[in-house]
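One structure below.
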Protein chains: 2
Amino acid sequence: MENTGIIENNKTQMRRGVLEYSILLILAAGDEYASSIIQKMKDVNIIVAEGTIYPLLIRLKKLGLLNYRWEESTQGPPRKYYMITDLGRSQLAGLDAAWDELSKGIESIRNASRA
Amino acid sequence: MENTGIIENNKTQMRRGVLEYSILLILAAGDEYASSIIQKMKDVNIIVAEGTIYPLLIRLKKLGLLNYRWEESTQGPPRKYYMITDLGRSQLAGLDAAWDELSKGIESIRNASRA
DNA sequence: TTTAGTACCTTGTATTGCAAGGTATTCAAA
DNA sequence: TTTGAATACCTTGCAATACAAGGTACTAAA
């Protein structure tokens with residue numbers, strides 16, 4: 001169907017905009033490894049693919065927003081636990097503000113639309 | 001500065017996700033021409049460039065979500081007024097739902113982050 | 001007839017999400 | 001001891017797309 005295609009496409013677009021923000025939010029709550037981040041995002045209906053998250057974590061690490069440590073697992077290969085840095089936290093504050101601004105913006109247009 | 005770069009970059013990303021949604025919302029409130037759509041978005045701090053909006057309007061027209069009519073202006077060249085179609089309205093409903101879902105998702109992660 | 005303002009549109013570049021494919025580790029069953 | 005399943009990591013190549021930059025055209029005033 002074309003209809004759902006348009007919407008699906010846009011849901012994807014919307015998600016893309018908040019990927020880095022979501023990751024930083026999750027890591028601000030505690031250290032996680034890639035697969036668990038994917039799961040946590042899935043839990044709130046923000047779907048991410050592996051091929052998206054790994055390069056992204058590497059990028060955020062390079063930018064100095066994240067760090068990682070290896071940790072053994074009893075149930076498979078070692079896990080790379082990512083943690084947020086101080087720089088990451090300060091940037092996160094900016095993203096919080098950006099998200100709030102965007103939400104307000106959309107709300108405004110929405111209300112105008114209903115008026 | 002690099003710091004603001006990271007945030008600016010993400011603000012842009014976030015905006016991108018809601019471009020089509022914003023346009024449909026604005027046109028649901030009344031017919032507008034490209035420049036006025038840009039202005040209305042700017043009014044709520046969602047910045048869009050001309051090079052973004054024109055191809056996008058054409059795409060939405062092709063998808064059948066919009067139509068347009070030419071209208072003379074006393075203050076310059078003719079304006080292309082876009083209007084939302086029935087299909088556009090039905091898709092908009094889906095986008096409303098998508099946005100709500102995303103907002104809730106982010107809220108959830110945010111709250112977990114604060115807990 | 002030139003300049004300023006407004007409005008339209010296209011081209012080329014750079015970013016980036018993601019499908020697909022690949023490697024490595026552990027554990028349990030055959 | 002080999003095979004298979006589960007888990008975890010990562011890379012490559014393609015496709016989509018926002019936007020900077022550059023371009024056309026109409027109106028009105030200087």
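Within every chain, numbering begins at 1; the chains are lettered A, B, ... in the order of the sequence lines, protein sequences first and strands thereafter.
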As a test of reading the structure: which of [options] is closest to the side chain of [X], going by heavy atoms?
X: Ile58(A); options: dA8(D), dT11(D), dA7(C); answer: dT11(D)
X: Tyr82(B); options: dT17(D), dG17(C), dC9(C); answer: dC9(C)
X: Asn9(A); options: dA25(D), dT17(D), dC9(C); answer: dT17(D)
X: Glu50(A); options: dA25(D), dC10(D), dC18(C); answer: dC10(D)
X: Pro77(B); options: dC9(D), dA7(C), dG17(C); answer: dA7(C)
X: Tyr33(A); options: dT6(C), dC19(D), dA8(D); answer: dA8(D)
X: Tyr54(B); options: dC10(D), dA7(C), dC19(D); answer: dA7(C)

Discussion item. Just to verify, which of Tyr54(A), Tyr33(A), Tyr82(A) counts as forming a ring-ring contact (aromatic ring centres under 6.0 Å, His included) with Tyr68(A)?
Written reply: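 Testing each of Tyr54(A), Tyr33(A), Tyr82(A) against Tyr68(A), the sole residue satisfying ring-ring contact (aromatic ring centres under 6.0 Å, His included) is Tyr82(A).
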Ignoring backbone atoms, test whether [X] places a side-chain nitrogen or oxygen under 4.0 Å from the OP1 or OP2 oxygen of [N].
X: Gln13(A); N: dG17(C); answer: no
X: Arg15(A); N: dC18(C); answer: yes
X: Arg79(B); N: dA7(C); answer: yes

Item to complete: Would you kindly compare Glu72(A) and Pro55(A) by the position of their nearest DNA chain C nucleotide and give the one closer to the 5′ end?
Response: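 Counting from the 5' end, the first nearest nucleotide belongs to Pro55(A).
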Discussion item. Quick check: on DNA chain C, is the nucleotide nearest Ser73(A) upstream (toward 5') of the one nearest Glu20(A), or the reverse? Name the residue that is more 5'.
Written reply: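 First, find each residue's nearest nucleotide; the 5'-ward one identifies Glu20(A).
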Discussion item. Within the supplied structure, the quantity of interest is the number of heavy atoms (other residues, nucleotides, ligands) at a distance under 6.0 Å from Asp86(A) CG; does it exceed 12?
Written reply: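 Not buried by this count: 12 neighbours or fewer within 6.0 Å.
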Discussion item. Between the base of dC27(C) and the side chain of Gln75(A), is one N or O donor paired with an acceptor at under 3.5 angstrom?
Written reply: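 It does not, because no donor-acceptor pair links the side chain of Gln75(A) to the base of dC27(C) below 3.5 Å.
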Worksheet entry | Arg59(B)/Glu20(B) ion pair, N-O < 4.0 Å |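 Looking at Glu20(B) together with Arg59(B), the answer is yes, because their closest N to O distance falls below 4.0 Å.
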Worksheet item: In terms of side-chain heavy atoms, does Gln13(A) have a donor or acceptor partner in Asn9(A) at a distance below 3.5 Å?
Response: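 Not at all, the side chains of Gln13(A) and Asn9(A) share no donor-acceptor pair under 3.5 Å.
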Discussion item. What I want to check is whether the side chains of Arg110(A) and Tyr21(B) have a donor and an acceptor closer together than 3.5 Å.
Written reply: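 On atom types as modelled, these side chains qualify, holding a pair under 3.5 Å.
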Practice prompt. Answer with base, sugar-phosphate or nothing: what part of the nucleic acid does Thr12(B) contact at a heavy-atom distance below 4.0 Å?
Written response: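 Here Thr12(B) touches the backbone only, sparing every base.
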Item to complete: With heavy atoms under 4.0 Å as the rule, sort Thr52(A) into base, sugar-phosphate or nothing.
Response: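 Base contact.
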